Visitor: 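For reference, the structure I am asking about is given below.
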There are 2 protein chains.
Amino acid sequence: MPMQTPVPLSPASPRSENTSSAHDKVYRGLRIRIMHGELPPAHALTLRGIGREFDVSMTPAREAVQRLVAEGALFMSSSGRVATPELSNERIEELAALRALLEVELASRALPRAHMALIERLQTINGTIAEAVAHKDAVAYIRTNLEFHRTLYLRAQAPAMLAMCETVWLQLGPTMRALYGRLQRTELPHFHRAIVAALHAGDEPGLRLAVRSDVTQGLKLLAG
Amino acid sequence: MPMQTPVPLSPASPRSENTSSAHDKVYRGLRIRIMHGELPPAHALTLRGIGREFDVSMTPAREAVQRLVAEGALFMSSSGRVATPELSNERIEELAALRALLEVELASRALPRAHMALIERLQTINGTIAEAVAHKDAVAYIRTNLEFHRTLYLRAQAPAMLAMCETVWLQLGPTMRALYGRLQRTELPHFHRAIVAALHAGDEPGLRLAVRSDVTQGLKLLAG
DNA sequence: GCAGCAAAAACGTGATCACAAATGCCCATG
DNA sequence: CATGGGCATTTGTGATCACGTTTTTGCTGC
(Lines give C-alpha, C1' and ligand atoms only; values in the text may rest on other atoms or scores of the structure.)
Protein backbone atom coordinates (compact mmCIF):
# COMPACT_ATOMS: atom_id res chain seq x y z
CA MET A 1 0.00 0.00 0.00
CA PRO A 2 2.23 2.72 -1.28
CA MET A 3 0.27 5.65 -0.09
CA GLN A 4 1.66 8.56 -1.94
CA THR A 5 0.06 11.37 -0.05
CA PRO A 6 1.56 12.00 3.38
CA VAL A 7 -1.72 10.81 4.84
CA PRO A 8 -3.03 13.94 6.54
CA LEU A 9 -3.94 12.32 9.79
CA SER A 10 -5.61 15.36 11.28
CA PRO A 11 -6.47 17.74 8.49
CA ALA A 12 -9.92 18.32 9.84
CA SER A 13 -8.57 19.70 13.07
CA PRO A 14 -10.67 22.83 12.91
CA ARG A 15 -8.15 25.01 14.74
CA SER A 16 -11.32 25.39 16.72
CA GLU A 17 -10.97 28.45 18.89
CA ASN A 18 -8.00 30.65 19.52
CA THR A 19 -5.97 27.47 19.69
CA SER A 20 -2.73 28.64 18.24
CA SER A 21 -0.38 26.52 16.22
CA ALA A 22 0.87 23.16 17.32
CA HIS A 23 4.44 24.27 17.81
CA ASP A 24 3.24 27.04 20.07
CA LYS A 25 1.31 24.59 22.18
CA VAL A 26 4.41 22.44 22.54
CA TYR A 27 6.54 25.49 23.25
CA ARG A 28 4.29 26.77 25.98
CA GLY A 29 3.92 23.37 27.55
CA LEU A 30 7.63 22.71 27.69
CA ARG A 31 8.41 26.23 28.79
CA ILE A 32 6.11 26.05 31.78
CA ARG A 33 7.43 22.65 32.73
CA ILE A 34 10.99 23.89 32.65
CA MET A 35 10.40 27.22 34.35
CA HIS A 36 8.42 25.66 37.16
CA GLY A 37 11.08 23.13 37.88
CA GLU A 38 9.21 20.02 36.82
CA LEU A 39 12.34 18.76 35.08
CA PRO A 40 15.62 18.10 36.89
CA PRO A 41 18.92 19.38 35.50
CA ALA A 42 20.50 17.39 32.69
CA HIS A 43 17.16 15.78 31.84
CA ALA A 44 17.32 14.57 28.24
CA LEU A 45 14.54 15.11 25.76
CA THR A 46 13.97 13.70 22.29
CA LEU A 47 12.03 15.22 19.45
CA ARG A 48 10.10 12.05 18.82
CA GLY A 49 9.31 11.75 22.50
CA ILE A 50 8.06 15.30 22.68
CA GLY A 51 6.00 14.78 19.56
CA ARG A 52 4.46 11.65 21.02
CA GLU A 53 3.68 13.39 24.28
CA PHE A 54 2.02 16.39 22.70
CA ASP A 55 0.53 14.33 19.90
CA VAL A 56 2.25 16.22 17.11
CA SER A 57 4.87 15.30 14.56
CA MET A 58 8.55 16.06 14.81
CA THR A 59 8.32 19.36 12.99
CA PRO A 60 6.49 21.38 15.64
CA ALA A 61 8.53 19.68 18.33
CA ARG A 62 11.69 20.77 16.61
CA GLU A 63 10.57 24.36 16.38
CA ALA A 64 9.60 24.49 20.03
CA VAL A 65 12.89 22.96 21.07
CA GLN A 66 14.84 25.33 18.88
CA ARG A 67 13.12 28.25 20.51
CA LEU A 68 13.80 26.98 23.99
CA VAL A 69 17.44 26.40 23.11
CA ALA A 70 17.65 29.97 21.88
CA GLU A 71 16.31 31.17 25.21
CA GLY A 72 18.76 29.07 27.16
CA ALA A 73 16.02 26.89 28.61
CA LEU A 74 17.52 23.82 26.98
CA PHE A 75 21.02 22.91 26.03
CA MET A 76 21.86 21.29 22.73
CA SER A 77 24.88 19.05 22.45
CA SER A 78 27.04 18.98 19.36
CA SER A 79 25.16 15.95 18.12
CA GLY A 80 21.85 17.76 18.38
CA ARG A 81 20.62 16.08 21.52
CA VAL A 82 18.78 18.40 23.84
CA ALA A 83 18.58 18.37 27.60
CA THR A 84 17.87 20.72 30.46
CA PRO A 85 21.02 22.61 31.42
CA GLU A 86 23.27 21.69 34.30
CA LEU A 87 24.61 25.05 35.28
CA SER A 88 28.08 25.66 36.61
CA ASN A 89 28.49 27.65 39.79
CA GLU A 90 29.82 30.64 37.88
CA ARG A 91 26.79 30.53 35.64
CA ILE A 92 24.43 30.36 38.58
CA GLU A 93 26.10 33.32 40.23
CA GLU A 94 25.94 35.28 37.02
CA LEU A 95 22.27 34.53 36.53
CA ALA A 96 21.59 35.50 40.12
CA ALA A 97 23.36 38.80 39.52
CA LEU A 98 21.26 39.25 36.41
CA ARG A 99 18.11 38.58 38.39
CA ALA A 100 19.16 41.11 40.98
CA LEU A 101 19.95 43.70 38.35
CA LEU A 102 16.71 43.29 36.42
CA GLU A 103 14.31 42.65 39.25
CA VAL A 104 15.53 45.51 41.41
CA GLU A 105 14.92 47.80 38.48
CA LEU A 106 11.51 46.30 37.78
CA ALA A 107 10.46 46.56 41.40
CA SER A 108 11.68 50.12 41.54
CA ARG A 109 9.60 50.99 38.50
CA ALA A 110 6.58 49.22 39.90
CA LEU A 111 6.75 51.00 43.23
CA PRO A 112 5.09 54.28 42.22
CA ARG A 113 2.33 52.34 40.50
CA ALA A 114 1.69 49.91 43.36
CA HIS A 115 -1.64 50.49 45.02
CA MET A 116 -3.51 48.66 47.73
CA ALA A 117 -5.12 46.01 45.56
CA LEU A 118 -1.73 44.91 44.30
CA ILE A 119 -0.29 44.64 47.79
CA GLU A 120 -3.23 42.58 48.95
CA ARG A 121 -2.83 40.30 46.00
CA LEU A 122 0.83 39.82 46.81
CA GLN A 123 -0.07 38.91 50.37
CA THR A 124 -2.56 36.34 49.09
CA ILE A 125 0.14 34.81 46.92
CA ASN A 126 2.42 34.72 49.93
CA GLY A 127 -0.19 32.65 51.69
CA THR A 128 -0.27 30.22 48.79
CA ILE A 129 3.50 29.96 48.94
CA ALA A 130 3.28 29.04 52.60
CA GLU A 131 0.86 26.27 51.68
CA ALA A 132 3.25 24.93 49.07
CA VAL A 133 6.04 24.93 51.63
CA ALA A 134 3.84 23.12 54.11
CA HIS A 135 2.99 20.47 51.51
CA LYS A 136 6.65 20.19 50.51
CA ASP A 137 5.55 20.74 46.93
CA ALA A 138 8.59 22.04 45.07
CA VAL A 139 6.80 22.76 41.80
CA ALA A 140 3.97 24.64 43.50
CA TYR A 141 6.52 26.60 45.52
CA ILE A 142 8.50 27.67 42.48
CA ARG A 143 5.38 28.48 40.50
CA THR A 144 3.77 30.65 43.16
CA ASN A 145 7.07 32.28 44.01
CA LEU A 146 7.48 33.35 40.39
CA GLU A 147 3.87 34.44 40.34
CA PHE A 148 4.61 36.73 43.27
CA HIS A 149 7.46 38.38 41.42
CA ARG A 150 5.66 38.57 38.10
CA THR A 151 2.59 40.12 39.69
CA LEU A 152 4.76 42.88 41.11
CA TYR A 153 6.81 43.43 37.97
CA LEU A 154 3.80 43.61 35.71
CA ARG A 155 3.11 46.97 37.29
CA ALA A 156 6.44 48.26 36.03
CA GLN A 157 4.97 48.50 32.52
CA ALA A 158 8.23 47.25 31.05
CA PRO A 159 7.46 44.23 28.88
CA ALA A 160 10.92 43.83 27.38
CA MET A 161 12.53 43.89 30.79
CA LEU A 162 10.03 41.42 32.16
CA ALA A 163 10.61 39.14 29.20
CA MET A 164 14.34 39.13 29.87
CA CYS A 165 13.61 38.42 33.49
CA GLU A 166 11.49 35.44 32.60
CA THR A 167 14.23 34.18 30.34
CA VAL A 168 16.53 34.11 33.34
CA TRP A 169 13.90 32.30 35.38
CA LEU A 170 13.60 29.81 32.58
CA GLN A 171 17.31 29.12 32.59
CA LEU A 172 17.24 28.64 36.34
CA GLY A 173 14.16 26.41 36.41
CA PRO A 174 15.79 22.99 36.70
CA THR A 175 18.45 24.37 39.01
CA MET A 176 15.82 25.81 41.32
CA ARG A 177 14.18 22.43 41.51
CA ALA A 178 17.47 20.89 42.55
CA LEU A 179 17.94 23.70 45.03
CA TYR A 180 14.57 23.05 46.62
CA GLY A 181 15.33 19.38 46.86
CA ARG A 182 18.59 20.10 48.63
CA LEU A 183 17.01 22.18 51.37
CA GLN A 184 13.80 20.28 51.67
CA ARG A 185 12.42 22.18 54.63
CA THR A 186 12.40 25.86 53.70
CA GLU A 187 11.20 28.59 55.92
CA LEU A 188 8.44 30.64 54.41
CA PRO A 189 9.97 33.45 52.36
CA HIS A 190 10.39 36.24 54.88
CA PHE A 191 11.97 38.50 52.25
CA HIS A 192 8.60 38.56 50.56
CA ARG A 193 7.19 40.16 53.67
CA ALA A 194 9.93 42.74 53.52
CA ILE A 195 9.04 43.47 49.90
CA VAL A 196 5.39 43.93 50.79
CA ALA A 197 6.30 46.14 53.74
CA ALA A 198 8.56 48.32 51.59
CA LEU A 199 5.82 48.64 49.00
CA HIS A 200 3.39 49.69 51.70
CA ALA A 201 5.78 52.27 53.09
CA GLY A 202 6.81 53.55 49.68
CA ASP A 203 10.39 52.87 50.73
CA GLU A 204 12.38 52.53 47.53
CA PRO A 205 15.82 51.77 49.00
CA GLY A 206 14.22 49.22 51.28
CA LEU A 207 12.38 47.67 48.34
CA ARG A 208 15.55 47.41 46.30
CA LEU A 209 17.38 45.77 49.15
CA ALA A 210 14.54 43.37 49.88
CA VAL A 211 14.23 42.27 46.24
CA ARG A 212 17.96 41.88 45.90
CA SER A 213 18.11 39.82 49.06
CA ASP A 214 15.19 37.62 48.05
CA VAL A 215 16.67 36.94 44.65
CA THR A 216 20.19 36.32 45.86
CA GLN A 217 19.25 34.36 48.96
CA GLY A 218 18.52 30.91 47.63
CA LEU A 219 20.95 30.86 44.77
CA LYS A 220 23.85 31.83 47.01
CA LEU A 221 23.87 28.68 49.04
CA LEU A 222 23.49 26.51 45.99
CA ALA A 223 26.53 27.97 44.32
CA GLY A 224 28.52 28.22 47.54
CA MET B 1 6.27 9.50 -12.50
CA PRO B 2 5.28 8.85 -8.94
CA MET B 3 8.62 9.19 -7.34
CA GLN B 4 8.14 7.90 -3.88
CA THR B 5 11.39 8.95 -2.36
CA PRO B 6 11.61 12.66 -1.60
CA VAL B 7 14.44 12.87 -4.12
CA PRO B 8 17.42 13.69 -1.89
CA LEU B 9 18.83 16.47 -3.95
CA SER B 10 21.97 16.96 -1.93
CA PRO B 11 22.52 13.90 0.16
CA ALA B 12 26.18 13.81 -0.67
CA SER B 13 26.81 17.13 0.99
CA PRO B 14 29.75 15.91 2.98
CA ARG B 15 29.26 18.25 5.95
CA SER B 16 32.84 18.77 4.98
CA GLU B 17 34.61 20.53 7.79
CA ASN B 18 33.27 22.07 10.95
CA THR B 19 30.48 23.46 8.83
CA SER B 20 27.63 23.33 11.24
CA SER B 21 24.08 22.56 10.29
CA ALA B 22 22.19 24.38 7.63
CA HIS B 23 19.76 26.04 9.97
CA ASP B 24 22.67 27.41 11.97
CA LYS B 25 24.19 28.91 8.86
CA VAL B 26 20.91 30.60 8.07
CA TYR B 27 20.49 31.72 11.65
CA ARG B 28 23.92 33.29 11.86
CA GLY B 29 23.59 34.97 8.51
CA LEU B 30 20.24 36.52 9.31
CA ARG B 31 21.29 37.46 12.81
CA ILE B 32 24.31 39.40 11.64
CA ARG B 33 22.30 41.12 8.96
CA ILE B 34 19.70 42.22 11.47
CA MET B 35 22.07 43.21 14.25
CA HIS B 36 24.26 45.24 11.93
CA GLY B 37 21.32 47.15 10.57
CA GLU B 38 21.37 45.81 7.03
CA LEU B 39 17.59 45.49 7.13
CA PRO B 40 15.24 48.43 7.68
CA PRO B 41 12.39 48.20 10.19
CA ALA B 42 9.24 46.40 9.07
CA HIS B 43 11.15 44.57 6.35
CA ALA B 44 9.20 41.44 5.46
CA LEU B 45 10.83 38.06 5.00
CA THR B 46 9.46 34.81 3.62
CA LEU B 47 10.58 31.32 4.42
CA ARG B 48 10.86 30.35 0.79
CA GLY B 49 12.79 33.50 0.04
CA ILE B 50 15.23 32.83 2.86
CA GLY B 51 15.60 29.26 1.73
CA ARG B 52 16.30 30.37 -1.82
CA GLU B 53 18.84 32.91 -0.65
CA PHE B 54 20.75 30.52 1.58
CA ASP B 55 20.18 27.60 -0.78
CA VAL B 56 18.37 25.44 1.72
CA SER B 57 14.86 24.14 2.01
CA MET B 58 12.11 25.63 4.10
CA THR B 59 12.83 23.53 7.14
CA PRO B 60 16.14 25.10 8.19
CA ALA B 61 14.80 28.51 7.26
CA ARG B 62 11.87 27.98 9.55
CA GLU B 63 14.06 26.96 12.45
CA ALA B 64 16.31 29.95 12.04
CA VAL B 65 13.35 32.30 11.83
CA GLN B 66 11.75 30.74 14.87
CA ARG B 67 14.90 31.30 16.83
CA LEU B 68 15.17 34.90 15.77
CA VAL B 69 11.54 35.48 16.66
CA ALA B 70 12.20 34.05 20.08
CA GLU B 71 15.05 36.49 20.55
CA GLY B 72 12.95 39.42 19.45
CA ALA B 73 15.02 39.99 16.33
CA LEU B 74 11.99 39.35 14.14
CA PHE B 75 8.33 39.87 14.69
CA MET B 76 5.76 37.28 13.66
CA SER B 77 2.25 38.35 12.80
CA SER B 78 -0.75 36.27 13.74
CA SER B 79 -0.76 34.78 10.27
CA GLY B 80 2.83 33.64 10.62
CA ARG B 81 4.38 36.29 8.46
CA VAL B 82 7.73 37.49 9.75
CA ALA B 83 9.32 40.90 9.47
CA THR B 84 11.87 43.03 11.25
CA PRO B 85 10.25 44.87 14.15
CA GLU B 86 9.08 48.45 14.01
CA LEU B 87 9.55 49.50 17.58
CA SER B 88 7.32 51.93 19.40
CA ASN B 89 8.89 54.81 21.25
CA GLU B 90 8.14 53.21 24.60
CA ARG B 91 9.82 50.05 23.45
CA ILE B 92 12.88 51.92 22.28
CA GLU B 93 13.18 53.76 25.57
CA GLU B 94 12.82 50.51 27.45
CA LEU B 95 15.47 48.79 25.40
CA ALA B 96 17.76 51.77 25.88
CA ALA B 97 17.23 51.51 29.64
CA LEU B 98 18.02 47.82 29.39
CA ARG B 99 21.20 48.57 27.49
CA ALA B 100 22.19 51.08 30.12
CA LEU B 101 21.49 48.67 32.94
CA LEU B 102 23.37 45.75 31.41
CA GLU B 103 26.25 47.56 29.79
CA VAL B 104 27.06 49.71 32.80
CA GLU B 105 27.31 46.53 34.83
CA LEU B 106 29.41 44.79 32.18
CA ALA B 107 31.76 47.72 31.87
CA SER B 108 32.09 47.92 35.62
CA ARG B 109 33.01 44.27 35.77
CA ALA B 110 35.47 44.64 32.93
CA LEU B 111 37.23 47.61 34.50
CA PRO B 112 39.46 45.73 36.96
CA ARG B 113 40.47 43.34 34.18
CA ALA B 114 41.20 46.00 31.59
CA HIS B 115 44.86 46.30 30.81
CA MET B 116 46.82 48.31 28.28
CA ALA B 117 46.41 45.99 25.31
CA LEU B 118 42.64 46.18 25.63
CA ILE B 119 42.62 49.96 25.78
CA GLU B 120 44.82 50.16 22.71
CA ARG B 121 42.55 47.82 20.87
CA LEU B 122 39.56 49.94 21.77
CA GLN B 123 41.32 53.00 20.44
CA THR B 124 42.03 51.19 17.20
CA ILE B 125 38.34 50.32 16.87
CA ASN B 126 37.51 53.94 17.53
CA GLY B 127 39.63 54.84 14.54
CA THR B 128 37.72 52.38 12.39
CA ILE B 129 34.46 53.92 13.57
CA ALA B 130 35.70 57.32 12.49
CA GLU B 131 36.40 55.89 9.04
CA ALA B 132 32.89 54.48 8.82
CA VAL B 133 31.47 57.86 9.76
CA ALA B 134 33.63 59.55 7.14
CA HIS B 135 32.39 57.12 4.49
CA LYS B 136 28.80 57.54 5.67
CA ASP B 137 28.60 53.75 5.90
CA ALA B 138 25.78 53.02 8.33
CA VAL B 139 26.33 49.27 8.46
CA ALA B 140 30.05 49.63 9.07
CA TYR B 141 29.37 52.20 11.74
CA ILE B 142 26.93 49.99 13.61
CA ARG B 143 29.15 46.96 13.26
CA THR B 144 32.30 48.59 14.54
CA ASN B 145 30.41 50.40 17.27
CA LEU B 146 29.08 47.10 18.57
CA GLU B 147 32.55 45.63 18.21
CA PHE B 148 33.85 48.37 20.49
CA HIS B 149 31.34 47.51 23.17
CA ARG B 150 31.70 43.78 22.81
CA THR B 151 35.47 43.97 23.03
CA LEU B 152 35.16 45.77 26.33
CA TYR B 153 32.44 43.57 27.75
CA LEU B 154 34.22 40.35 26.88
CA ARG B 155 36.62 41.22 29.67
CA ALA B 156 33.79 41.11 32.16
CA GLN B 157 33.80 37.31 31.99
CA ALA B 158 30.02 37.26 32.12
CA PRO B 159 28.75 35.30 29.12
CA ALA B 160 25.10 35.21 30.13
CA MET B 161 25.03 38.94 30.65
CA LEU B 162 26.77 39.55 27.36
CA ALA B 163 24.33 37.28 25.59
CA MET B 164 21.40 39.26 26.95
CA CYS B 165 23.12 42.42 25.88
CA GLU B 166 23.52 41.13 22.34
CA THR B 167 19.87 40.17 22.31
CA VAL B 168 19.02 43.79 23.00
CA TRP B 169 21.36 44.90 20.23
CA LEU B 170 19.63 42.47 17.93
CA GLN B 171 16.24 43.91 18.70
CA LEU B 172 17.54 47.40 18.08
CA GLY B 173 19.36 46.58 14.84
CA PRO B 174 16.83 47.80 12.27
CA THR B 175 15.96 50.76 14.46
CA MET B 176 19.59 51.78 14.70
CA ARG B 177 19.83 51.72 10.94
CA ALA B 178 16.85 54.04 10.73
CA LEU B 179 18.43 56.23 13.39
CA TYR B 180 21.64 56.53 11.44
CA GLY B 181 19.72 57.44 8.34
CA ARG B 182 17.90 60.19 10.18
CA LEU B 183 21.02 61.90 11.42
CA GLN B 184 23.21 61.20 8.44
CA ARG B 185 26.18 63.25 9.53
CA THR B 186 27.19 61.97 12.95
CA GLU B 187 30.05 63.34 14.93
CA LEU B 188 32.56 60.72 15.85
CA PRO B 189 31.53 59.08 19.10
CA HIS B 190 33.14 61.25 21.74
CA PHE B 191 31.63 59.17 24.54
CA HIS B 192 33.88 56.36 23.38
CA ARG B 193 36.84 58.56 24.18
CA ALA B 194 35.39 59.16 27.63
CA ILE B 195 35.06 55.40 28.11
CA VAL B 196 38.66 54.85 27.12
CA ALA B 197 39.80 57.69 29.40
CA ALA B 198 37.88 56.30 32.35
CA LEU B 199 39.35 52.86 31.73
CA HIS B 200 42.81 54.36 31.65
CA ALA B 201 42.25 56.26 34.89
CA GLY B 202 40.56 53.34 36.61
CA ASP B 203 37.66 55.68 37.28
CA GLU B 204 34.64 53.48 37.85
CA PRO B 205 31.98 56.17 38.39
CA GLY B 206 33.26 57.96 35.33
CA LEU B 207 33.15 54.74 33.32
CA ARG B 208 29.59 54.02 34.38
CA LEU B 209 28.51 57.50 33.42
CA ALA B 210 30.32 57.39 30.09
CA VAL B 211 28.81 54.03 29.12
CA ARG B 212 25.35 55.10 30.19
CA SER B 213 25.68 58.29 28.19
CA ASP B 214 26.98 56.54 25.10
CA VAL B 215 24.20 54.00 25.17
CA THR B 216 21.43 56.47 25.87
CA GLN B 217 22.68 59.21 23.56
CA GLY B 218 21.54 58.10 20.16
CA LEU B 219 18.37 56.32 21.15
CA LYS B 220 17.09 59.35 23.06
CA LEU B 221 16.70 61.58 20.06
CA LEU B 222 15.09 58.84 18.03
CA ALA B 223 12.40 58.26 20.60
CA GLY B 224 12.01 61.94 21.40
C1' DG C 1 32.91 -11.37 35.84
C1' DC C 2 34.34 -7.76 32.87
C1' DA C 3 35.98 -5.31 28.90
C1' DG C 4 35.35 -4.43 24.21
C1' DC C 5 33.34 -4.70 19.83
C1' DA C 6 29.60 -5.31 16.51
C1' DA C 7 24.81 -5.19 15.41
C1' DA C 8 20.61 -2.72 16.04
C1' DA C 9 17.66 0.62 17.52
C1' DA C 10 16.91 5.48 17.97
C1' DC C 11 17.90 10.10 16.92
C1' DG C 12 18.49 14.67 14.47
C1' DT C 13 18.59 16.76 9.94
C1' DG C 14 16.88 18.35 5.85
C1' DA C 15 13.78 17.85 1.83
C1' DT C 16 9.31 17.42 -0.06
C1' DC C 17 4.32 17.53 -0.22
C1' DA C 18 -0.64 18.53 0.71
C1' DC C 19 -3.56 21.81 2.56
C1' DA C 20 -5.73 25.97 4.42
C1' DA C 21 -5.44 30.62 4.97
C1' DA C 22 -3.94 34.95 3.63
C1' DT C 23 -2.40 38.17 0.22
C1' DG C 24 -2.49 40.42 -4.10
C1' DC C 25 -4.49 41.23 -8.57
C1' DC C 26 -7.73 42.10 -11.97
C1' DC C 27 -11.84 43.11 -13.85
C1' DA C 28 -16.51 44.37 -13.52
C1' DT C 29 -19.66 47.60 -11.51
C1' DG C 30 -21.39 51.93 -9.52
C1' DC D 1 -12.28 57.09 -11.92
C1' DA D 2 -12.79 54.83 -7.59
C1' DT D 3 -14.34 50.56 -5.28
C1' DG D 4 -15.61 45.97 -4.20
C1' DG D 5 -15.79 41.06 -5.01
C1' DG D 6 -13.86 36.89 -6.73
C1' DC D 7 -10.03 34.24 -8.47
C1' DA D 8 -5.06 32.99 -8.78
C1' DT D 9 -0.85 33.03 -6.39
C1' DT D 10 1.85 32.97 -2.48
C1' DT D 11 2.74 31.78 2.21
C1' DG D 12 3.02 29.23 6.64
C1' DT D 13 2.01 24.76 8.77
C1' DG D 14 2.46 20.17 9.82
C1' DA D 15 3.35 15.37 8.38
C1' DT D 16 6.26 12.06 6.42
C1' DC D 17 10.45 10.05 4.64
C1' DA D 18 15.39 8.93 3.65
C1' DC D 19 19.86 9.24 5.31
C1' DG D 20 23.99 9.57 8.21
C1' DT D 21 25.31 9.63 12.86
C1' DT D 22 25.07 8.61 17.55
C1' DT D 23 23.76 5.89 21.32
C1' DT D 24 22.41 1.76 23.35
C1' DT D 25 22.21 -3.17 23.46
C1' DG D 26 23.85 -7.63 23.49
C1' DC D 27 27.13 -10.94 22.71
C1' DT D 28 31.62 -12.83 22.45
C1' DG D 29 36.15 -13.61 24.09
C1' DC D 30 39.50 -13.05 27.59
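Chain A is the first sequence line, chain B the second, and so forth, proteins listed ahead of strands; every chain is numbered from 1. Because the structure is predicted, anything quoted here is derived from the model rather than measured.
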Visitor: Applying side chain to side chain donor-acceptor pair (under 3.5 Å), name anything that partners B:Ser108, two or more places apart in sequence or on another chain.
Guide: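 For B:Ser108 the side chain to side chain donor-acceptor pair (under 3.5 Å) partners, ignoring immediate neighbours, are B:Glu204, B:Arg208.
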Visitor: Check whether any side-chain nitrogen or oxygen of A:Thr59 sits under 4.0 Å from OP1 or OP2 of D:dG14, and answer yes or no.
Guide: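 Checking D:dG14 against A:Thr59, no side-chain N or O comes under 4.0 Å of OP1 or OP2.
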Visitor: Not counting sequence neighbours, which residues clear side-chain contact (heavy atoms from CB on, under 4.5 Å) with B:Ile125? List them please.
Guide: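 In terms of side-chain contact (heavy atoms from CB on, under 4.5 Å), with neighbours along the sequence ignored, B:Ile125 is linked to B:Ile129, B:Glu147, B:Phe148, B:Thr151.
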Visitor: Taking only residues two or more places apart in sequence or in another chain, which ones pass ring-ring contact (aromatic ring centres under 6.0 Å, His included) with B:His23?
Guide: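 For B:His23 there are no ring-ring contact (aromatic ring centres under 6.0 Å, His included) partners, ignoring immediate neighbours.
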Visitor: Any donor-acceptor pair under 3.5 Å joining the side chain of B:Ser79 to the base of C:dA22?
Guide: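 No.
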Visitor: Tell me which donor-acceptor pairs under 3.5 Å the side chains of residues 155-169 of chain B have, and how far apart each pair is, sequence neighbours excluded?
Guide:
residue	atom	partner	partner atom	Å
B:Arg155	NH2	B:His115	NE2	3.3
B:Glu166	OE1	B:Arg31	NH2	2.7
B:Glu166	OE1	B:Arg150	NH1	3.3
B:Glu166	OE2	B:Arg150	NH1	2.9
B:Thr167	OG1	B:Ala163	O	3.0
B:Trp169	NE1	B:Glu103	OE2	2.8

Visitor: Report the residue from A:Arg33, A:Arg48, A:Lys25 that forms a salt bridge (charged side-chain N to carboxylate O under 4.0 Å, His left out) with A:Glu53.
Guide: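 With A:Glu53 as partner, salt bridge (charged side-chain N to carboxylate O under 4.0 Å, His left out) holds for just one option, A:Arg33.
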Visitor: Just the rounded figure in Å: distance from P of D:dA18 to CE of A:Met58.
Guide: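 Rounded to whole Å, this separation is 14 Å.
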Visitor: For A:Arg52 and D:dA15, what is the distance between atoms CZ and C1' respectively, to the nearest whole Å?
Guide: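 Answer to the nearest Å: 16 Å.
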Visitor: Using whole Å, report how far OH of A:Tyr27 lies from P of D:dT13.
Guide: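 So the OH-P distance, A:Tyr27 to D:dT13, works out to 15 Å.
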Visitor: What nucleotide, of D:dT13, C:dT13, C:dA15, holds the atom closest to the side chain of B:Arg62?
Guide: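 Ranking D:dT13, C:dT13, C:dA15 by closest atom to the B:Arg62 side chain puts D:dT13 first.
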Visitor: Rounded to the nearest angstrom, tell me the gap between atom CG in B:Asp55 and atom P in C:dT16.
Guide: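 Roughly 11 Å, once rounded to whole Å.
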Visitor: I'd like to check the ring-ring contact (aromatic ring centres under 6.0 Å, His included) partners of B:Tyr27; sequence neighbours left out, ordered by chain and number.
Guide: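 ring-ring contact (aromatic ring centres under 6.0 Å, His included) check on B:Tyr27 returns nothing, list empty.
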Visitor: Write down the protein N/O and nucleotide N/O pairs, taken from nucleotides 6-10 of chain D, whose separation is under 3.5 Å; answer none if there are no such pairs.
Guide:
none

